[in-house]
Number of protein chains: 2
Amino acid sequence: MPDAAPSILRASRFFLGVKGASFDRLAHMAQVRRFARGAAIFREGQECPGVFVVGSGLVRVFKTAPSGREHVLHLVAPGGTFAEVAAIAGFETPANAEALEDTVCALLPAPAFAQALQDDHQLCLQLMGSMAAWVKHLVGLLEDIALRDATGRLARYLLSEAIEPQDVVRLPSLKKHLASHLNLTSETLSRTLRRMSDAGAIESRDDQSLVIKSRAALEQWARGEFPQI
Amino acid sequence: MPDAAPSILRASRFFLGVKGASFDRLAHMAQVRRFARGAAIFREGQECPGVFVVGSGLVRVFKTAPSGREHVLHLVAPGGTFAEVAAIAGFETPANAEALEDTVCALLPAPAFAQALQDDHQLCLQLMGSMAAWVKHLVGLLEDIALRDATGRLARYLLSEAIEPQDVVRLPSLKKHLASHLNLTSETLSRTLRRMSDAGAIESRDDQSLVIKSRAALEQWARGEFPQI
DNA sequence: ATCGCGCCTTGACCTGGATCAAGCCGCGTG
DNA sequence: CACGCGGCTTGATCCAGGTCAAGGCGCGAT
């Protein structure tokens, strides 16, 4: 995957529908940013630098409690974007972002991007859609945390990540990041995986991936029911 | 407050910046809808009828768990809007809405509204801002639920609702709605209020309102600390 | 090789808040 | 007026999941 900003933009789902002059304008303003594994991309409460588009690597976007507890809002893979909303609305970054792997991003600086939005109605409509998707995602997270227990959340996650033919799920490199994404401790995640495995609903392949043996059981758990395998 | 759709729109914060022909177009498409106290406005998973603007009354937007547990995403007062996102993006309503009081809304039907967005760049930019605000609100809720305990959430709520000179807070008509907004049971809410009151941080006026006696204490609680009054 | 350090797992315990239950009050209705 | 019902408070328990602690294992550095 080439590192140049235009090809990063081209490969992102977000800007899929943007073509011609609109696209060129964005490509022109884009800057390439590189982050080493573990590097902070921005911290909560800073002025938002702009819209980030991930070209390669992996980024987690998370909030921190005063106690030090963290909750990840989003894991951003190549092709994904983050900080769009703050960039558009011009408020401070409401969360932290950090590279989990060596990561290359394209950055569309906030002022130029805002101006492009002002000028370009098509782009504006595009963005609308993607913001709506983000809202949907957030409502999903809320629903998970407020209304589902640990097992239900994990079940829903596994179902959403399963890759069809074999129902294989690739887990994030560190389980503790998955745990905090589900608002769990890694201990609880570990125990819950084990229980699912004991129940025969899943089977761990290596520690990067597992296979779903019973979709039905997971679906019941996700619905808050109590499946007997 | 008059019930006619245009005046409802005019009074809403959401459409504040929309003027002239753009406004007239919206005003023209708007329909007035009335809901009795307790009536369902829509249920999760229905086709989204459009954007609702509250003229008078009170609406709660909430999700339901299979167990019957509810979590309210938003309490919408006069001047507020709901279902914007689903209307814009054209997906199903992701939550339920219900009138808590006799309520009058203006409804901008989804198809006409989407068309207006297509045609009207100004309107589009407007909406962008308000969606961003909604995202911010959701992130706040998530942060609350994932990162704060019962006392912290209540403290933050009280601070956000306090009306300045006297730091008076008007509570929603039913405490149980506040409870579910904070993802608590009404029992826990009751106990927490009592503890705050015992600590001298608040003083209940009648059971519709209370006064904040110590902002400092609430701020510490909201930060997850342990204030000794 | 050996050490040290993260990460994961497992066990034992603790606790915040849910659940269950009882009693009180205010209000609308027959 | 008596009655019932819904909302609020308070008390007594329960439990999911967090915290603390102890090993095990893989891996990079010495």
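Since this is a predicted model, take the numbers as computed values, not measurements. Below, all heavy atoms of this structure are taken into account, side chains as well, without hydrogens, waters or symmetry copies. So you know, we letter chains A, B, ... as the sequences are listed, proteins then strands, and number each from 1.
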B:S186 side chain N/O closer than 4.0 Å to the phosphate oxygens (OP1, OP2) of D:dC8?
-> no
Measure the distance from CG on A:D144 to P on D:dA16 and round it to the nearest whole Å.
-> 19 Å
Once you round it to whole Å, what is the distance between P of C:dA18 and CG of B:L184?
-> 6 Å
Apply the test side-chain hydrogen bond (donor to acceptor under 3.5 Å, both in side chains) to residues A:E84 and A:T81: give CA-CA distance (whole Å), side-chain angles for both, the deciding distance (0.1 Å), then the verdict.
-> CA-CA 7 Å; A:E84 328 85 319; A:T81 48; 3.2 Å; yes
May I have the distance from B:R37 (atom CZ) to D:dG6 (atom C1'), rounded to whole angstrom?
-> 11 Å
N/O donor-acceptor pairs under 3.5 Å from side chains in residues 89-100 of chain B, not counting sequence neighbours:
{"unit_1": "B:T93", "atom_1": "OG1", "unit_2": "B:R43", "atom_2": "O", "d": "2.9"}
{"unit_1": "B:T93", "atom_1": "OG1", "unit_2": "B:G45", "atom_2": "N", "d": "3.4"}
{"unit_1": "B:T93", "atom_1": "OG1", "unit_2": "B:Q46", "atom_2": "N", "d": "3.3"}
{"unit_1": "B:T93", "atom_1": "OG1", "unit_2": "B:Q46", "atom_2": "O", "d": "3.2"}
{"unit_1": "B:N96", "atom_1": "OD1", "unit_2": "B:E44", "atom_2": "N", "d": "2.8"}
{"unit_1": "B:N96", "atom_1": "ND2", "unit_2": "B:F62", "atom_2": "O", "d": "3.1"}
{"unit_1": "B:N96", "atom_1": "ND2", "unit_2": "B:T64", "atom_2": "OG1", "d": "3.1"}

Just compare D:dC8, D:dT19, C:dG17 and give me whichever is closest to any side-chain atom of B:K175.
-> D:dC8
Evaluate the salt bridge (charged side-chain N to carboxylate O under 4.0 Å, His left out) criterion for residues A:R153 and A:D149: first the C-alpha distance (whole Å), next the side-chain angles of each, then the deciding distance (0.1 Å), finally the verdict.
-> CA-CA 6 Å; A:R153 267 174 271 167; A:D149 65 6; over 6 Å; no
Comparing nearest nucleotides in DNA chain D, the 5'-proximal residue of the pair B:R191, B:H177 is B:H177
Under 3.5 Å, side-chain donor or acceptor atoms of residues 135-144 of chain B against the rest of the protein: list the pairs with distances, not counting sequence neighbours.
{"unit_1": "B:H137", "atom_1": "NE2", "unit_2": "B:L73", "atom_2": "O", "d": "3.2"}
{"unit_1": "B:E143", "atom_1": "OE1", "unit_2": "A:K63", "atom_2": "NZ", "d": "3.0"}
{"unit_1": "B:E143", "atom_1": "OE2", "unit_2": "B:R148", "atom_2": "NH2", "d": "3.4"}
{"unit_1": "B:D144", "atom_1": "OD1", "unit_2": "B:R148", "atom_2": "NE", "d": "2.9"}
{"unit_1": "B:D144", "atom_1": "OD1", "unit_2": "B:R156", "atom_2": "NE", "d": "2.6"}
{"unit_1": "B:D144", "atom_1": "OD1", "unit_2": "B:R156", "atom_2": "NH2", "d": "3.4"}

N/O (side chain, B:R194) to phosphate O (OP1/OP2, D:dT9) under 4.0 Å = no
Contact under 4.0 Å: A:S190 side-chain N or O vs C:dT9 OP1/OP2 = yes
Could you tell me whether A:R205 atom CZ has more than 12 heavy atoms of other residues or ligands within 6.0 Å of it?
-> no
Can you check whether A:T185 has a side-chain N or O nearer than 4.0 Å to OP1 or OP2 of D:dG18?
-> yes
Length of the line joining B:R195:CZ and D:dG11:P, which is rounded to integer Å | 12 Å
Rounded to the nearest angstrom, tell me the gap between atom CG in A:D206 and atom P in D:dG26.
-> 13 Å
Whole Å only: how far is the CG atom of B:L193 from the P atom of D:dT10?
-> 10 Å
Tell me: CG of A:L182 to C1' of D:dG18, nearest whole Å?
-> 15 Å
A:E187 CD - D:dA16 P separation (whole Å) | 17 Å
